Amino acid sequence: MGRITVRKPVLRVSTTGARGRRPDTLAVEEPLEIRVAGKPLTITMRTPGHDFDLAAGFLAAEGVIGDARDLAAMRYCADTAEQNTLDVALAPGVPPPDDSMTRAFTTTSACGVCGKSSIEALRADRPYDVAADPLRIAPEVLAVLPERLRAAQRAFDRTGGLHAAGLFGPGGELLAVREDVGRHNAVDKVVGWALRQGRLPLAGTVLMVSGRASFELTQKAMAAGVPVLAAVSAPSSLAVELAEDAGMTLVGFLRGETMNVYAGAERIVL
């Protein structure tokens with residue numbers, strides 16, 4: 001695994017006129033090329049670490065694989081000097097990504113819907129019925145999730161420059177957390193962890209993200225069977241539309257004791 005952080009010298013300047021040089025810790029950002037059966041599929045900028053989870057989660061979000069049985073093997077390519085190229089071998093009988101998907105992902109950065117143009121196109125790709133998930137959760141449980149996620153962000157403490165995604169159980173217990181410079185990558189890493197552990201669909205769970213709730217993150221959560229997506233910041237309008245259409249609960253501005261429920265309010269036990 002490559003370095004997650006790196007030390008660089010910076011000039012620190014104050015409005016009082018004080019200035020001085022000091023080392024600062026930065027989050028590492030490096031490209032990861034994901035290949036399937038030796039054929040390049042996508043290149044994403046990511047923080048090294050949990051690359052197998054990232055690749056599995058990415059492929060799951062795009063509908064290439066559905067569970068761990070669809071994966072035969074993953075390995076770093078020996079023809080590269082760094083661990084920045086990952087080759088995925090699919091299980092026998094699992095169809096490879098078509099050429100149109102390869103073209104769509106040529107210049108992406110872990111975008112979950114680059115090959116999908118609308119909510120209507122996503123309706124046919126839903127592997128799980130999120131709307132049927134019976135999870136009910138109290139606001140008091142949701143309110144503690146940001147603090148628990150923040151407490152688990154070890155690399156963020158050193159850099160201040162990483163997104164995080166945390167998967168929580170119905171009682172607020174932390175199941176998994178992943179950090180990355182890309183918010184989409186952090187979610188892919190969590191979903192990939194779950195897939196490799198045989199835990200999909202993620203019924204009865206809450207996915208908490210450290211930033212905003214975009215359409216892409218909502219789509220990734222939906223594809224993994226997550227019934228509740230919560231974010232410390234705002235959702236986009238299209239994220240709300242997708243959550244409503246899928247029967248997912250979407251919570252934004254989850255800070256302290258207050259939150260906004262944008263979709264699926266029936267799951268919130270008042």
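Small disclaimer: the values here were computed from a predicted structure and weren't measured.
- Taking CG of Leu200 as the reference point, atom CH2 of Trp193 lies at 9.5 Å (rounded to 0.5 Å).
- Of the options Arg178, Arg46, Lys189, a salt bridge (charged side-chain N to carboxylate O under 4.0 Å, His left out) to Asp53 is made by Arg178 and by none of the others.
- Note: Asp133 CG to Arg267 CZ = 5.5 Å, rounded to the nearest 0.5 Å.
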Would you check, one step at a time, whether the test side chain to side chain donor-acceptor pair (under 3.5 Å) holds for Asp51 with Tyr76? CA-CA 9 Å; Asp51 288 338; Tyr76 290 104; 2.9 Å; yes
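- The shortest side-chain heavy-atom distance between Leu149 and Met208 falls under the 4.5 Å cut-off.
- Val228 and Leu145 fall within the same hydrophobic cluster, defined by Ile, Leu, Val, Met, Phe, Trp and Tyr side-chain heavy atoms under 4.5 Å apart, directly or through other members.
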Determine whether Asp24 and Lys8 satisfy the following criterion, side chain to side chain contact (heavy atoms under 4.5 Å, CB included), listing intermediate values before the conclusion. CA-CA 5 Å; Asp24 193 24; Lys8 293 290 185 180; 5.7 Å; no
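- Between Phe168 and Arg148, the closest side-chain pair of non-hydrogen atoms falls below 4.5 Å.
- One distance of note links CG of Asp87 with CD of Glu33; it measures 9.0 Å at 0.5 Å rounding.
- For the atom pair Thr42 OG1 and Phe58 CZ, the distance stands at 4.5 Å (nearest 0.5 Å).
- Thr218 pairs with exactly one of Val209, Leu238, Leu242 by the side chain to side chain contact (heavy atoms under 4.5 Å, CB included) rule, that one being Leu242.
- There is a path of hydrophobic side-chain contacts, each under 4.5 Å, that joins Val232 to Val144.
- Here the closest heavy-atom approach between residue Ala61 and residue Gln219 is recorded as O-NE2, 3.1 Å.
- No continuous path of ILVMFWY side-chain contacts below 4.5 Å connects Leu207 to Val141, so the two sit in separate hydrophobic clusters.
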Apply side chain to side chain donor-acceptor pair (under 3.5 Å) to residues Asn260 and Arg255 and explain how you reach the verdict. CA-CA 10 Å; Asn260 292 346; Arg255 303 170 183 176; over 6 Å; no
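- In the model, Ser233 has no side-chain atom that pairs as donor or acceptor with a side-chain atom of Arg212 under 3.5 Å.
- Side-chain contact, Ser14 with Thr16: a donor N or O sits under 3.5 Å from an acceptor N or O.
- In this structure, CD on Glu216 lies 11.0 Å from CG on Asp188, to the nearest 0.5 angstrom.
- Atom CZ of Arg12 sits in a sparse spot, with 12 or fewer heavy atoms from other residues, nucleotides or ligands closer than 6.0 Å.
- Side-chain contact between Pro139 and Ile268: present, with at least one pair of heavy atoms (C-beta onward) separated by less than 4.5 Å.
- When side chains are defined from C-beta on, Thr47 does not count as touching Glu179, because their heavy atoms never get closer than 4.5 Å.
- Inter-residue side-chain proximity for Thr249 and Val251 is flagged as met; some heavy-atom pair is nearer than 4.5 Å.
- Under the 4.5 Å side-chain heavy-atom criterion for Ile, Leu, Val, Met, Phe, Trp and Tyr, Val181 and Val177 are members of distinct hydrophobic clusters.
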Determine whether Leu86 and Leu32 satisfy the following criterion, side chain to side chain contact (heavy atoms under 4.5 Å, CB included), listing intermediate values before the conclusion. CA-CA 7 Å; Leu86 187 63; Leu32 177 69; 4.2 Å; yes
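- Using a 4.5 Å cut-off between side-chain heavy atoms of Ile, Leu, Val, Met, Phe, Trp and Tyr, with links allowed through other members, Leu254 and Val240 fall into different hydrophobic clusters.
- Two residues are said to be in side-chain contact when any heavy atoms from C-beta on lie closer than 4.5 Å; His184 and Leu217 meet this criterion.
- Atom CE of Met222 sits about 8.5 Å away from atom CG of Asp245, to the nearest 0.5 Å.
- Judged by distance alone, with hydrogens and angles left aside, the side-chain atoms of Gln83 form no donor-acceptor pair with the main-chain N or O of Gly49 at under 3.5 Å.
- Residues Arg199 and Leu175 form a side-chain contact, since some pair of their non-hydrogen atoms from C-beta on lies under 4.5 Å apart.
- The shortest distance between side-chain heavy atoms of Val28 and Ile4 does not fall below 4.5 Å.
- Put simply, the side chain of Ser210 gets close to the backbone of Ala164: a donor and an acceptor are under 3.5 Å apart.
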I would like to know whether Ile65 and Leu71 meet side chain to side chain contact (heavy atoms under 4.5 Å, CB included); could you show each step before the answer? CA-CA 8 Å; Ile65 59 176; Leu71 290 173; 3.9 Å; yes
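- Judged purely by atom type and a 3.5 angstrom limit, Asn185 uses its side chain to pair as donor or acceptor with the backbone of Met45.
- Within a 6.0 Å radius of CD in Glu173, other residues, nucleotides and ligands contribute more than 12 heavy atoms.
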Side chain to side chain contact (heavy atoms under 4.5 Å, CB included) between Tyr128 and Leu202, intermediate numbers included: CA-CA 9 Å; Tyr128 309 115; Leu202 289 171; over 6 Å; no
